[in-house]
Structures are given as structure tokens and as C-alpha cells.
**Q** 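Mind having a look at this structure? Questions to follow.
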Amino acid sequence: MATNTVPGPRVGQPTSLAGKAAFEVDDRLIVAGPLRRTLNKVFPDHWSFLLGEIALYSFIVLLLSGTWLTFFYDASMKEVIYDGTYAPLRGIEMSAAYESTLNISFDVRGGLLIRQMHHWAALLFVASIVVHLLRIFFTGAFRRPRETNWFIGVTLLVLAMLEGFAGYTLPDDLLSGGGLRIFSAVFLSIPVIGTWVYFTVFGGDFPGEVIIGRLYILHVLIIPAILLGLIALHLLILVKQKHTQFPGAGRTEHNVVGNRLFPTFAAKATGLLFIVVGLCAALGGLVQINPIWLLGPYNPAQVTAGSQPDWYIGFVDGGARIFPPWEIVLWGYHIPPVFWGALGLPGLMFGALALYPVLERVLTKDTASHHLLQRPRDVPVRTSLGAMAVTAYVVLWISGGNDLIADKFDLSLNAMIWFGRIGFLVLPPIAYWATYRICIGLERHDREVLEHGIETGVIRRLPSGEFIEVHQPLGPVDAHGHGQLAYGGASVPKKMNQVGGARRAIRGFFKPIEEPAEVQRQAEIEARGLESEQASRELSSSGRPSEGGRPSEGGRPQDPRD
Amino acid sequence: MSTPNASSVTPPEGGRRGLFRRRPAAGTPAAAARDRRRSKQHRRLANVAGLMAALVLTGVGYSALAPGASAADDSTGNPSNAVEAGRELYTRSCITCHGSNLQGIEGRGPSLIGVGEAAVYFQVHTGRMPLVRQEAQAPERPPIFSEEEIDQLMAYIQENGGGPTLPSGDLRAGDLAEGGELFRLNCAQCHNFAGKGGALSSGKRAPSLEEASDMVIYSAMLSGPENMPVFGDNQLTPDEKRSIINYVQTLKAQADPGGAGIGRVGPVAEGLVIWVVGVGALLFGIFWMGTKA
């Protein structure tokens, strides 16, 4: 056995040093096959598929900056007297946690930058998760077989929010203490078990001496470990199930059109990683976040105006702010209003969010597997439900900062509260209706273009004196001049430019990267567009339908015949 | 709860009273002038003479009877002049709401007896008084009166009922860190941790301390304007007040070591930045990458 495994010299064996090393590695680990498959994995090139990656990269920033911060942070509620660099707090009693955060900010080299990067990356992490989630929702990417990944994603969002809240509390400044106080009140508001939950978590009267240490271990070990595991699972399932894609030319339920992981997508992803890290660093260096030295150490006797959570908890705060002061008694248990606003509402929202794929599957009885995405306009009910939920969320969000809005815009705080109460009930149905109409309108216009062709803007006068606008059919037409293309749920070109009616656009995103005169010269040689007798369209290369994209009569504009 | 009533009823009434008030003081010569143009020369002479006589009589009678003026006369000349001028200003601009005897008028303005010169300094110096209209809270404006006139009003109010007086000396002569602790304990819940102000109920607000001078902060603590509680010398000693002022002014002058301060109002501004700048920039970035496909 052993003698047989020694490889003899063979044809095709690597000669370079790196090649030899790789050969040796593969000989022992047998990774070439799986690696080749991985490198060949195809990623769709639509920009919205990069949203989840922003979350992934901000998580990397969080892990790196967070690890660095643990070198200097002291998760202790021991009372100390500050004697550091920041004069306005010298001689003040504070917790060791707050003191160490001050030291990170003022005495550790680069500490403030990393702290601020960490905080900005945290805000970005949750924000990009939400944007990613919205993309998944509105395009129906959560449908069978991807319900599991949707559920993991929602869990990631909730964990990210908890992780953020724990991190918000760690500096033990006036703001984080205020947040903790509200959190403790929310615990206490839970019927029956509230008091027990509270004492289990805090280990005594507020604020006690253990909560910072407990939140610390949650923040740096337990939640990140779960997050990391779930992210890995999320990605593994993604690779296993393959990407979804928007419908279009050559895209079916059984393939994925896009770029391979290596080299194109890897280059893109690396570029995006640098953009995300760069953005976090730029924000961390240029924009101040959570200036704990201005806030001062936490003291339960103190509170500051404008005490708000970070943005992702803001909607919970908003719910607590606008919920009417109803003291509801159920089965002999008194349930304080804060319970409904701060636990009931978010519980309902996240419950509905997590279960949405199941709800939709049950309601639409659509149990088939889907790998092609839907455009929001093609599923008006889902899109409108989403718009409704987003509107409700935004109302709660605005209400979470209603005191600042009232102050900065000279409004009455009471008026803001009533705006929140009425808006929460009235605006979502309006959003539903408006979105539904917009979806229907867009879809009808797509169908109209498929049937009657693109408006060319060319007005022709008929011998009878009637004026008509010439339409360009997108495909073969029947005896009445009606297009025969079926509605495919894909993007429909609406301008002549998009089907080569004009000369192609000058390339360049920020500024032209080619000479317009040269493009014109080439266009004249190629004789494209309306000036051309030939329809040399190359429609398939630009992602538009290839079959039927070629008009039956040489691309000449057709007179409508009915 | 009385605010809506006051705001709905007062403006027309206040306006009427304003007109009525101005007629005798500035309007009478004007009325006489109109007569003069219309009627004969002798009639005009008689009118002027009658008016002069009436004015002299009023002046003499007033100086003999008014208690405040004669009391001030006993000490020095200057204060009495100031008090007199202050009374003049008061009669012209304040009496409508605060009453002829500083007693205040229900639904219009509070009594000024015992508020002291500190309250006058704060209210008039920051342009909150004289009030333009009845609303939730007097807004800060450029002061209408000159420093000298404010001193005269202060003298007049101080003369009638006494009250807290303005401090002297270095108003920042206090311990910085102690001031911070006292600020967070007593002020931050309304004025925000960095003195940026905050909303109160029904359109009222705790103003930003950004523009507030040492004396304005001190006099506000002494007099408790609008919704602010009074921090008398028993609640916060003069030294503690100076500490707080020292802290507030130090904070205002202090640069933001972390970069742009974005208003120093906490997480709402930070959330706005991450969504508008952060997510906005990244959406642009990935859209750009998408077009590179």
C-alpha cells in the first residue's frame, strides 16, 4: 500500500515551485476537485446581490475591531475615581467599564478611531441586513426551497439587534445606562414571569453589579459565536441551493447566469470588502459617534434629554412612546402599556416576518420550487404588504426620535405623538393601496409595450389626415400588428435606445471613457439603429430577450393597423 | 391647559389695549395737531396750554404720591432715575400683560412681584420679553431693549418687590468636574447631555445653551423661567452654579475629538448618517459595480 502511493514522475506534472507545492498539498488533502467547483461557482451580476455581502464585510470589520477593543476594555462595575486625560471628568466616581472606555477613547493610540469604526460598522451591519432582507422579500427569493435560509436570516437580524444592544450598554455611560433602565422596565412588564426574569438577568436591584459582565460575555462570545455559525450556515445553504436570479434572456429555473467566483466575482467581492472597510474607517475617523465623555458615567439618578437607542432599536422605543397609556388587566394580571409597545409589537412584527414564507405558501398554495425571482410589480399583494410593513416600521421609527424632530422642527411633541398614533393606523393601508396601484400600473404598461411596441416618438400623418405615433414592436406581430410575446415577468425595454434604436451609449460610469466621435464613426460603419436597414441588434448580449427580440420586418417601425 | 384659551382670546384684546394705551402718551399731541390744522389759531393755543397744564399737574402729583420714587430719591440720584426710566419702559411695553401694579393678569402674564432683576435680565436680555404673541413658550429673539434700558427695567422690578439679584465676579469660577456632575443631575434631562436642548410637552422646549452667556445661564437658574425650575441658592449654591456654568461653557468650546459632532444629540443623528451617508454610499458603490458587469 505505502509503496504504491508514492507518485512517480508523470507527464503533466508541475515544474514550477508553486505548482509543485500545490501538487504536494493536493496529493495529501485532495482539494483540487472541490476547489475547482467552488471557484467555478457562478454569481449573478445584478447589483442587489451584493447587499448581503455588505453585511458580511461589516461583520468582519466588527470582529476585527471588536477583538482589538477587548484588549483594553474592562467589563467591571467596580467603582473607581477617574484620573485620566479628560479634564471635565477628573475626580468623578465611575465604573471601571466606563473608565476603560474613556481610556480607549483618549489614552490608547488609535483607540477612538477603532471604537468609532466598531460602532459605525455595527450600525452598518444591521442596516445592510435590513436592506438585504428587503431585497429578498420584494423579489420573492425566500420561496421554496429557500425558507430555511430566510428563517436563518431573520434570526441573524434579531441576534444582530441584541448584539448591538449589548454593545451599546457596555461603555456604561449615561445613554447606555438609560437604555438598560428601559430594558429592565420591559423585563418587569412581562406578565407573571417579569419579576423573575428581571432578577435572573440583573442579579439584584437595578443596576446591580453583574449586568455589565454578563452583557460583555454575551457580546463578545455567545452572540458572535452564534452569529458566526449562522452566517456560515446561511452561506453553505446558499452555495448548496445556488443563487436565485432575475428572469431574462437565457435564464431559466435550472441555470444561473453570471460571473464565476474566480476571477471576476472574487475581484468584485474583494473590491466591495475594501469599500466597506474604507467606509467604516472614514466614518470612524470623520464623524463622531457616541461621545461617551460628553454623556458622563451612568448614574441611575441622572438621565439626558434625547435618550435614544441606536437606530435598529428605535422602532421599539417608538412603539413604547406612542402606545396609549392603557392599563390593561387580563385574567387578573395587570399588563403595563410598555409591554405592548416594547414587546408585543416587535414580537408580532418579527413573528410575521419569520413566518411569512409559510404564510404565503399556505395562502397562495404555491408549493413549487422557485429559482427565478419575481419583480415586485408582478406580485402586487406581496409588494403592497411589504410596503405596508415598511410604512408602519418607519412611523414607529420616526416616533422613536419624535422628541428630537419636535425640537428641531419647532413642532409640538404632543402633535408628534398623535402623528405616530394616527399614522401607525392610517398610513400603512394607504401605502398598501398606493403600492398596489403602482404595481398594477407598471405591469399593465409592460404588457402594453409587449402588445403594441415601444413608443418611438415618431409622429406620422396618414393620407386621411390622421396623426399616429409609430410603435416599434418587440417581436413578431400578428395580422393586427399586435406583439405576440408572452409576458415573462422580465424587464421590458421601454425606450428605443434599449433595443438599439439609437447609437449605443457612451461607456463610463463617472465620466466618458471613450471618445464620442469614435463611437459615432463606428456606429456609422456598423450602420445600427433606425438608420440601418438591417437589424443587427445583438439583443441577447445586453440581457434582453433573444428570441422574438428581432422584429419580423427588419426592425422597421410598424404602422399600427387597428 | 389654559394655554389654548389664552392664545385664542388674548391677541385681539391685547391689540386693543395696546392701541388704547398708546393714545394718551404719544397720541394726544397728534390729535391736537389734527385739530390745529382744522381750526383756528387761538383754539390751538388754548389746547396746548391746557395740555401743558395737565401734564405739569400730573407730573407734580405723581412725584408727590408715588411711593417707590420718593423712597429711591432718599438714597442716591441715579437709581431713582433708573427706576423712573424703568417704570416708563414698563408702562410702555410690559403693563399690558403684567398689570399696572406688577400683579400679573390672569391668562396673560404672571406677577412680577418678587421675581427680581435676575428674571428681568434673563427674559429681556434674550429677547423673550416683551412677548410678541401668546404661544406655548416665548421664543428667543434679538433683544428689543438696549443694555441701558434693560438695567432700568431691572432697577424698576427690583425696586418693587425685590427678588434674586444678578451675581458679580467670575461666573466660571467653579470646579469643572463637579459642574459636570451637577449638570447631568439637574440640567441634562431637559437640556440634553451637551446642552443642545430638548422638547417638552405641547410645543414647549428646553432651549439649547449654545448661545447662552454666563449671565444668562446664571439668571435662568436663579429665576426659573417658563418651565424651568428655580434653582435658588439653597438648591444650588452660588459656587455650584458657577461650576455648572464653567462646565457648560467648557463643553461648548471643546472640539469634538471624534470628528464631526453631528449636532451632539445622540443616536438619532447617528442613525441618519449611517442610512444617508453609509448605506447611500454603498448602494451607489454596488450599483457602480453592477454596471461593470
Side-chain angles (χ1 to χ4, degrees), chain A residues 45-48 50-51 54 87-92 105-106 112 116 119-120 123-124 127-128 131 174-175 259 268 271-272 275-276 279 283 285-291 294-296 299 301-311 314 400-404 406-407 411-415 509, chain B residues 136 139 175-181 183-185 188-194 196-206 208 247 250-251 254 256-275 277-279 281-283 285-293:
Chain A
D45 51 17
H46 195 264
W47 60 269
S48 68
L50 294 171
L51 290 169
I54 297 177
L89 287 173
R90 225 171 272 153
I92 297 289
S105 304
F106 290 111
L112 185 57
Q116 296 200 137
H119 204 142
W120 283 120
L123 298 193
L124 183 63
S128 50
V131 180
L174 197 51
L175 203 56
N259 296 309
K268 268 191 179 186
L272 186 56
I275 290 178
V276 171
L279 181 84
L283 282 173
L286 297 173
V287 188
Q288 181 164 290
I289 186 166
N290 198 15
L294 293 177
L295 285 153
N299 173 341
Q302 301 170 350
V303 71
T304 164
S307 283
Q308 256 96 7
D310 278 340
W311 77 261
N402 57 11
D403 57 329
L404 273 172
D407 188 44
L411 300 165
S412 161
L413 181 58
N414 302 38
F509 189 81
Chain B
D175 183 66
L176 184 60
E178 189 205 5
E181 194 64 12
F183 181 83
R184 289 188 290 275
L185 193 61
Q189 65 257 51
C190 297
H191 288 286
N192 144 310
F193 58 90
K196 293 292 177 183
L200 303 174
S201 60
S202 304
K204 290 172 286 208
R205 62 185 33 105
S208 163
Y247 181 74
T250 306
L251 228 55
Q254 182 181 301
D256 285 313
I262 52 171
R264 290 184 176 177
V265 290
V268 172
E270 294 159 7
L272 205 62
V273 167
I274 199 65
W275 275 96
V277 178
V279 175
L282 286 174
L283 283 180
I286 60 175
F287 192 68
W288 173 51
M289 295 177 99
T291 63
K292 292 271 149 194

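None of these values were measured; they are calculated from a predicted model. Note on naming: letters A, B, ... go to the chains in the order of the sequence lines (proteins, then strands), and numbering restarts at 1 for each one.
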**Q** Which one wins on heavy-atom pair count under 4.5 Å against chain A: G259(B), P139(B), A281(B)?
**A** G259(B)
**Q** If you take all heavy atoms of Y247(B) and L294(A), which pair is closest and at what distance?
**A**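 In terms of heavy atoms, the two residues are closest at OH-O, 3.8 Å.
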**Q** Look at the side chain of R205(B) and the backbone N and O of A406(A), then say whether any donor-acceptor pair between them is shorter than 3.5 Å.
**A**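 Present.
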**Q** Can you tell which of V287(A), L413(A), V131(A), L411(A) has the highest number of heavy-atom pairs within less than 4.5 Å of chain B?
**A**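 With the most close heavy-atom pairs to chain B, the winner is V287(A).
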**Q** If we define contacts as heavy-atom pairs under 4.5 Å, which of S208(B), A199(B), A188(B), G258(B) has the most with chain A?
**A** G258(B)
**Q** Output, in order, the C-alpha distance, side-chain angles, deciding distance and verdict of side-chain contact (heavy atoms from CB on, under 4.5 Å) for F183(B) and T304(A).
**A** CA-CA 10 Å; F183(B) 181 83; T304(A) 164; over 6 Å; no
**Q** Hey, which of V273(B), L283(B), V277(B), T250(B) has the most heavy atom pairs under 4.5 Å with chain A?
**A** V273(B)
**Q** Among L286(A), D403(A), N299(A), who wins on heavy-atom pairs under 4.5 Å with chain B?
**A**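 Heavy-atom pairs under 4.5 Å are most numerous for L286(A).
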**Q** For L175(A), which atoms come within 4.5 Å of any heavy atom of chain B: side chain, backbone, both, or neither?
**A**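 The side chain, not the backbone.
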**Q** Among the options A260(B), G180(B), A194(B), pick out the one with the most heavy-atom pairs lying under 4.5 Å from chain A.
**A** A260(B)
**Q** Just list the side-chain donor-acceptor pairs under 3.5 Å for residues 261-272 of chain B, sequence neighbours left out, or say none.
**A**
unit_1: R264(B); atom_1: NE; unit_2: D256(B); atom_2: OD1; d: 2.9
unit_1: R264(B); atom_1: NH1; unit_2: L251(B); atom_2: O; d: 2.9
unit_1: R264(B); atom_1: NH2; unit_2: Q254(B); atom_2: O; d: 2.8
unit_1: R264(B); atom_1: NH2; unit_2: D256(B); atom_2: OD1; d: 3.0
unit_1: E270(B); atom_1: OE2; unit_2: N290(A); atom_2: N; d: 2.8

**Q** Give the member of L174(A), I92(A), L112(A) that has the highest number of heavy-atom pairs under 4.5 Å with chain B.
**A** I92(A)
**Q** I'd like to verify something: which residue of Q288(A), Q116(A), H46(A), H119(A) has the highest number of heavy-atom pairs under 4.5 Å with chain B?
**A** Q288(A)
**Q** Taking every heavy-atom pair that is under 4.5 Å apart, which of G296(A), G306(A), G91(A), G401(A) has the most such pairs with chain B?
**A** G296(A)
**Q** What I'd like to find out is whether the side chain of L283(A) reaches to under 4.5 Å of the side chain of I274(B), using heavy atoms alone.
**A** yes
**Q** Would you say N414(A) and S202(B) are linked by a side-chain donor-acceptor pair, where the criterion is simply a distance under 3.5 Å?
**A**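 Yes, side-chain donor-acceptor contact under 3.5 Å.
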**Q** Write down the atom of A305(A), the atom of Q189(B), and the distance for their closest heavy-atom approach.
**A** CB-O, 3.3 Å
**Q** Taking the side chain as every heavy atom from C-beta outward, state whether V279(B) and L124(A) have any pair of such atoms under 4.5 Å apart.
**A** yes
**Q** Taking salt bridge (Lys or Arg N to Asp or Glu O under 4.0 Å) as the definition, give me every residue that meets it alongside E181(B), ordered by chain and number, with sequence neighbours left out.
**A**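 For E181(B) the salt bridge (Lys or Arg N to Asp or Glu O under 4.0 Å) partners, ignoring immediate neighbours, are R184(B).
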**Q** Using every non-hydrogen atom in the two residues, find where S412(A) and G203(B) come nearest and quote the distance to one decimal.
**A**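 That closest heavy-atom pairing would be OG-N, 3.3 Å.
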**Q** Most heavy-atom pairs under 4.5 angstrom with chain A, which of G179(B), G285(B), P257(B)?
**A** P257(B)
